[in-house]
Amino acid sequence: MGRLAGEDEVVDALVVGSGFGASVAAYRLAAAGRSVVVMERGRAYAPGDFARSPAQMGRNFWDPSEHLYGLFDAWTFRGLEGLVSSGLGGGSLIYANVLLRKDERWFVHESPLPGGGYEHWPLSRADLDPHYDAVERMLAATPYPYQDTPKTQAVERAAVALGMPATRPPLAVTFARAGEDPTPGRDLPAAGYGSIHGERGRRRTCSLCGECDLGCNTGAKNTLDHTYLSAAAAAQADVRTLHEVRGLRPLDGGGYRVTYVVHDPQAEGRTATRELPERHLVARRVVLGAGTFGTTFLLLRSRGSMPALGPALGTRFSGNGDLLTLLLGCTRDGAALTVDGGTGPVITTAVRTPDALDGDGAAGRGAYIEDAGFPGFLGWLVETAQLRTVARRSAAFAWQVVRNRTFAHGRSHISADLATLLGDGRLSAGSLPLLGMGRDVPDGRMSLRDGHLAVDWTTATSQAYFADLRERMAAIGAELGARLQDNPLWWAKRVVTVHPLGGAPVGRHAGEGVADAFGEVHGHRGLHVLDGAAMPGPVGANPALTIAAMADRACTRMLEQDWSWPRTAVHRAPAATPAVGGRSRASARPPRSVAFTERMTGAFALGEIDPQRGAALGRSVGSHLTFVLTITATDVEAFADDPLHRADATGHVDCDALGGRLDVERGWFELFVHPHGLAGRRMLYRLWLHDAGGSPLTLVGAKHVHDDAGLDVWADTTTLLVRVLAGHVPPPPADSPEQVEAVLTTLADDSVGAGPLATGAEVRGAGVLVIRPQDLARQLTTFRTTGGRGAATLATFGRLFLGELWDVYVDPRAARPTAGASR
């Protein structure tokens with residue numbers, strides 16, 4: 001590691017996140033001798049750290065804006081809810097340990113999707129099998145070994161009766177010490193590479209408590225912090241918690257400059273998240289492993305910095321077919337059947353349902369149905385939630401106590417009465433959740449909406465899949481004499497997914513996928529997507545193993561590539577800031593200023609040069625840009641005399657295509673400039689911005705105020721043609737009329753062809769903004785003056801504005817001289 005010009009830290013590889021793809025990459029690259037930094041936004045959880053009490057659980061969610069730094073990160077979108085993890089080890093901290101391989105026939109090729117497009121996997125099961133082997137070894141995968149667990153026996157028996165294959169999938173759980181029989185709660189020796197948690201990382205064998213999804217407090221789960229990340233740290237990877245990456249941008253010559261913040265839970269309530277100081281790091285390679293939501297969100301926010309990102313970004317989202325149901329009242333031969341969902345790890349058994357791809361005459365899209373146990377303490381909640389039954393038992397208990405004291409000669413032994421009060425626990429003992437997952441339709445789309453992540457996906461196109469899955473779950477329930485109960489969200493045709501996939505899918509080219517079959521982003525060498533976002537469709541089985549195997553395969557190729565570039569990353573110094581404002585006027589009195597606030601909005605699209613074409617494309621895809629600017633003429637007299645009528649512009653730009661809200665760092669506004677050789681006047685805007693990736697951008701815009709057929713003064717003064725340029729492009733100096741003329745002519749002309757403008761800047765996007773009538777009405781109320789004589793100040797501004805309009809629309813021959821024009 002090192003520093004760039006005494007400013008930015010430089011590393012071979014930055015790994016964003018610490019889930020299944022990220023942790024594999026951290027270990028593989030560090031073990032090969034590369035300098036690696038891992039940034040995980042959440043904190044570390046050693047055995048015993050996971051929340052259990054109600055007070056702890058109430059703070060166990062992730063939302064730093066509300067000073068929450070817990071484990072669970074809950075999302076809600078159109079059609080589904082999402083639940084993911086925030087902590088060192090990523091999703092492995094709360095997953096159910098299953099390491100199933102993706103079925104060989106489910107690596108589909110050009111499988112059509114409703115509404116157009118297709119699902120295509122540019123790799124095969126044979127490509128992944130060696131890497132499946134490597135991950136299984138590292139995570140010590142083993143089937144559930146106990147033979148007397150009621151829920152396991154029940155599901156296996158039902159599957160056999162229905163003719164569906166049931167297996168005990170490999171689990172990343174330690175049930176026994178080496179060479180010994182499975183025994184709960186035995187101390188485990190430390191791994192050869194030690195523990196990233198140090199002395200607090202002591203572990204024990206599985207206690208069969210069913211608390212896997214809440215975080216394993218015994219350390220029996222072979223989670224990524226105990227395995228890959230501990231091994232990576234032993235290989236000198238620098239693993240940093242509470243570090244959240246906010247953006248990234250490519251550097252000239254290769255590599256990426258990454259923007260991040262460091263959370264401090266101890267400062268809770270004192271420092272707002274948005275006020276955290278931004279820090280930077282330069283990496284030769286960046287591995288994105290922040291999960292489907294995190295990675296896609298980061299790429300969407302950094303899109304303005306990475307114009308090579310193609311149309312596949314945000315596509316192929318799916319929930320991996322997740323569906324949760326509950327079997328109630330299991331019976332056998334008319335008697336209550338104890339399935340005891342609270343004993344054992346969460347999942348012990350997997351039942352595979354048929355798929356049309358199997359080639360044996362089956363129809364539909366296949367799935368897995370797995371027993372989904374629950375923590376034992378939830379049984380108490382289930383029992384006490386039966387208000388009618390609890391009330392009846394409580395009344396009976398109270399009456400019995402009265403009888404004992406009044407009629408039974410002071411009978412004091414009440415053990416049997418307490419047993420009656422607690423009940424027999426039949427409901428909780430006879431209930432079993434079922435978790436289904438499989439090949440739903442990956443036709444969801446992820447995007448930014450008002451700067452926030454949005455997912456458009458519904459169960460509608462996967463209706464046949466979910467109907468078949470529910471039918472097979474009901475059949476298992478029938479074999480167990482139980483009633484199938486849907487989770488309440490299903491009544492609204494919504495699902496909860498713990499396996500979100502897609503958003504930055506792999507594909508053969510940029511039109512099909514964001515990254516290639518090895519996870520390297522098309523057009524952005526050294527940027528890799530190695531998590532669930534890279535999936536081009538549902539895995540079908542639990543996706544953790546496939547994500548890890550694809551990352552392992554990608555790292556093998558990555559380590560074969562050239563790591564010599566860039567020898568030194570280019571870090572541009574910020575451009576010199578030119579003077580802003582009109583000519584100063586020597587005066588004994590303080591200058592009088594005028595300011596007003598303007599809001600404009602309209603359609604905008606990246607990748608377009610022409611504003612009209614950009615607006616048309618923006619309307620078709622729902623992409624918009626809005627700015628809210630305060631225009632200030634600090635000296636209204638100098639402003640009126642200045643041929644450019646230049647004023648300051650401050651405020652912000654909102655554009656999801658550029659990553660959300662961007663503050664204006666410097667801004668210039670020029671009123672009624674007369675470019676040489678062109679009719680009418682121009683109102684010109686120039687705003688310096690930085691996108692989420694840290695790339696400098698310049699928004700330039702022109703209102704064309706000219707007299708043509710019809711009275712169009714409203715359209716001319718309220719329509720702005722805009723382009724966004726790469727870099728901070730300064731305005732020309734006011735004392736160079738020739739340069740002013742050349743630049744203004746270029747920016748004001750309608751006929752701008754493809755390629756850079758005369759300024760030499762690359763055009764990133766274009767569009768058309770307008771002032772809506774209600775915004776104009778509001779704008780008229782925002783005029784403010786300083787320096788006294790407010791009415792006279794407004795009159796000076798008004799005479800200039802109306803006089804210029806008169807010259808354009810009523811008496812063009814009275815055109816007033818401006819910079820670069822004949823006087």
Side-chain angles (χ1 to χ4, degrees), residues 77-78 114-117 296 299-301 303-304 306-315 317 443-458 503 510-511 598-629 652-662 683 685 687 689 691-692 697-704 708 710 712 714-725 747-754 757 762-776 778-779:
F77 304 110
R78 177 176 178 259
T296 307
L299 287 174
L300 287 168
R301 293 193 70 224
R303 195 169 195 168
M306 294 183 281
L309 287 173
L313 180 60
T315 64
F317 176 84
D443 58 350
R445 178 172 288 274
M446 307 177 75
S447 63
L448 292 185
R449 192 167 298 155
D450 297 328
H452 302 286
L453 184 66
V455 177
D456 288 318
W457 182 90
T458 72
E598 181 177 49
R599 184 182 191 275
M600 300 193 73
T601 188
F604 171 88
L606 291 175
E608 284 291 346
I609 304 295
D610 178 76
Q612 298 293 352
R613 290 200 303 268
L617 177 59
R619 284 190 294 270
S620 68
V621 299
S623 176
H624 296 84
L625 184 147
T626 298
F627 68 53
V628 178
L629 300 179
H652 67 271
V653 172
D654 285 303
C655 181
D656 289 334
L658 298 175
R661 175 170 171 153
L662 312 179
M683 297 186 200
Y685 297 70
L687 310 176
L689 314 166
D691 71 359
L697 302 171
T698 300
L699 183 149
V700 292
K703 293 178 183 176
H704 293 206
D708 51 16
D712 54 0
W714 167 262
D716 288 351
T717 56
T718 60
T719 301
L720 182 70
L721 305 181
V722 300
R723 299 179 182 91
V724 173
L725 314 178
L747 297 180
D749 191 0
D750 283 322
S751 57
V752 178
L757 298 177
E762 176 190 354
V763 182
R764 291 288 174 84
V768 178
L769 310 186
V770 297
I771 300 176
R772 298 177 302 185
Q774 62 267 36
D775 291 330
L776 180 61
R778 190 178 300 113
Q779 177 179 325

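These numbers come from the heavy atoms of this one structure, side chains and all, not from hydrogens, waters or symmetry mates. Positions are given from 1 along the sequence.
Take Arg449 and apply the salt bridge (Lys or Arg N to Asp or Glu O under 4.0 Å) test, not counting sequence neighbours, and it matches Asp456. Here Val770 pairs with Thr719 under the side-chain contact (heavy atoms from CB on, under 4.5 Å) rule; sequence neighbours left out. Here Asp450 pairs with nothing under the salt bridge (Lys or Arg N to Asp or Glu O under 4.0 Å) rule; sequence neighbours left out. Residues that satisfy the salt bridge (Lys or Arg N to Asp or Glu O under 4.0 Å) test with Arg301, not counting sequence neighbours, are absent from this structure. By the side-chain contact (heavy atoms from CB on, under 4.5 Å) test, Thr698 is found to be paired with Arg686, Trp688, Val700, Leu725, His728, Val729, residues two or more places apart in sequence or in another chain being considered. Partners of Arg764 according to the salt bridge (Lys or Arg N to Asp or Glu O under 4.0 Å) rule, which considers only residues two or more places apart in sequence or in another chain, are Glu762.
Taking CE of Met600 as the reference point, atom CZ of Arg772 lies at 11.0 Å (rounded to 0.5 Å). Rounded to the nearest 0.5 angstrom, Arg445 CZ and Trp457 CH2 are separated by 16.0 Å. The structure places CG of Leu769 at 9.5 Å from CD of Glu598, a figure rounded to the nearest 0.5 Å. Expressed to the nearest 0.5 Å, how far CG of Leu299 lies from CG of Leu313 amounts to 5.5 Å. Note that OG of Ser623 is 7.5 Å distant from CG of Leu617, once rounded to the nearest 0.5 Å. Atoms CG and CG, on Leu658 and Leu606 in that order, are 5.5 Å from each other to the nearest 0.5 Å.
Contact annotation: the side chain of Phe604 approaches that of Val724 to within less than 4.5 Å [non-hydrogen atoms, C-beta and beyond]. Using a 4.5 Å cut-off on side-chain heavy atoms (C-beta onward), Gln612 and Leu721 make contact.
A donor-acceptor pair is defined here as one N or O able to donate and one able to accept, closer than 3.5 Å; such a pair exists between the side chain of Arg723 and the backbone of Ile609.
Each of Asp775, Asp654, Thr626 was evaluated against Thr601; a single residue qualifies, Thr626, per the side-chain hydrogen bond (donor to acceptor under 3.5 Å, both in side chains) test.
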Query - Worked check of side-chain contact (heavy atoms from CB on, under 4.5 Å) between Leu453 and Phe77 - result: CA-CA 9 Å; Leu453 184 66; Phe77 304 110; 4.1 Å; yes

Query raised in the report: Stepwise, does the side-chain contact (heavy atoms from CB on, under 4.5 Å) test hold for Phe627 with Leu689?
Result: CA-CA 12 Å; Phe627 68 53; Leu689 314 166; over 6 Å; no

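When all heavy atoms of Pro311 and Gly511 are compared, the closest pair comes out as CG-CA, 4.2 Å.
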